[in-house]
Amino acid sequence: MTRQLTAPPGRDRQSFLDFEIVTDLDTLSADIAILGIPFGDPYRMEEVTNDQSAAPAAVRRASVLALDRLDRWDFDFDGTLFDDQPIRAVDCGDVIADPRDMGAHYRHAEAAVRAIRRAGALPIV
């Protein structure tokens, strides 16, 4: 295995739409891969932790609201999510950051997306 690029979703371990959590991108087998990229390059050091860093966890928590609705109903298809096709979607967690090297976060994000694409999955960031 190459270096670990992602970690499971935040402290509550809530995945997007309750999808399986898969953080080993070297063995990824999925059609769709959810990926959180919680940090950006701040203008000032006090901006390192901001609302953006909480966004992946907030989106995952909000996705739970859809779980109670008609077996994950997709109103675009007027049917169930993925239109009853055998599509495997997983949550790959969040890209690991290094507070000592903000540029590493971007390199890890790019490497994670490339690994997801190599596996033949569609990354949703």
Side-chain angles (χ1 to χ4, degrees):
M1 179 176 141
T2 58
R3 73 180 182 275
Q4 188 73 27
L5 296 171
T6 64
R11 60 182 170 247
D12 57 4
R13 300 275 197 233
Q14 173 62 51
S15 68
F16 184 80
L17 286 179
D18 236 2
F19 293 153
E20 176 187 357
I21 297 172
V22 176
T23 57
D24 184 354
L25 302 183
D26 291 331
T27 62
L28 180 64
S29 175
D31 300 296
I32 298 171
I34 307 299
L35 179 66
I37 302 180
F39 298 101
D41 196 2
Y43 294 108
R44 297 184 318 261
M45 204 55 203
E46 57 269 12
E47 295 174 336
V48 170
T49 301
N50 56 36
D51 291 341
Q52 172 185 314
S53 63
V59 170
R60 287 181 177 106
R61 277 193 306 276
S63 78
V64 172
L65 299 174
L67 293 177
D68 295 336
R69 308 294 192 272
L70 302 171
D71 191 32
R72 299 180 186 173
W73 195 261
D74 187 318
F75 292 95
D76 293 322
F77 289 127
D78 196 26
T80 56
L81 186 66
F82 306 136
D83 197 26
D84 288 326
Q85 301 299 309
I87 295 172
R88 182 167 187 248
V90 300
D91 189 327
C92 293
D94 294 338
V95 171
I96 295 172
D98 180 351
R100 294 173 307 273
D101 181 1
M102 295 310 290
H105 188 62
Y106 291 114
R107 292 188 299 277
H108 292 170
E110 180 180 348
V113 170
R114 286 183 184 279
I116 290 168
R117 293 297 300 136
R118 264 192 315 276
L122 171 68
I124 297 180
V125 178

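All values reported here derive from a predicted model rather than from experimental measurement.
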Worksheet entry | With Ala33 via side-chain contact (heavy atoms from CB on, under 4.5 Å) - residues at least two apart | Leu28, Val90, Cys92, Ile116, Ala121
Worksheet item: Val22 versus Arg88: any side-chain heavy-atom pair under 4.5 Å?
Response: yes
Worksheet item: Are any non-hydrogen side-chain atoms of Ile37 and Pro56 less than 4.5 angstrom apart?
Response: no
Worksheet entry | Qualifying salt bridge (Lys or Arg N to Asp or Glu O under 4.0 Å) pairs with a residue from residues 113-125, counting only residues at least two apart or across chains | Glu110-Arg114
Response to the item:
All heavy atoms of Thr23 vs all of Ala7, minimum pair found to be CG2-C, 3.8 Å
Item to complete: With rounding to the nearest 0.5 Å, note down the distance linking CG in Leu17 to CD1 in Ile34.
Response: 7.5 Å
Item to complete: Following the transitive rule for hydrophobic clusters with a side-chain heavy-atom cut-off under 4.5 Å over Ile, Leu, Val, Met, Phe, Trp and Tyr, establish whether Ile124 and Ile21 coincide in one cluster.
Response: no
Worksheet item: Between the main-chain N or O of Ile87 and the side-chain N or O of Gln85, is there a donor-acceptor pair closer than 3.5 Å?
Response: no
Worksheet, complete the sentence: Separation between CD (Glu20) and OG (Ser15), nearest 0.5 Å, reads 9.0 Å
Practice prompt. Evaluate the side-chain proximity of Thr6 to Leu25: yes if any heavy-atom separation is below 4.5 Å, no if none is.
Written response: yes
Worksheet item: Of all residues at least two apart in sequence or in a different chain, which pass the side chain to side chain donor-acceptor pair (under 3.5 Å) check with Thr27?
Response: Asp24
Practice prompt. Before giving the answer on salt bridge (Lys or Arg N to Asp or Glu O under 4.0 Å), spell out for Arg60 and Asp94 the whole-Å C-alpha distance, their side-chain angles and the decisive distance to 0.1 Å.
Written response: CA-CA 11 Å; Arg60 287 181 177 106; Asp94 294 338; 2.8 Å; yes
Practice prompt. Drop me the distance from Leu35's CG to Phe16's CZ, to the nearest 0.5 angstrom.
Written response: 12.5 Å
Discussion item. Check whether His108 reaches the backbone of Ile96 with its side chain - one donor and one acceptor, N or O, closer than 3.5 Å.
Written reply: yes
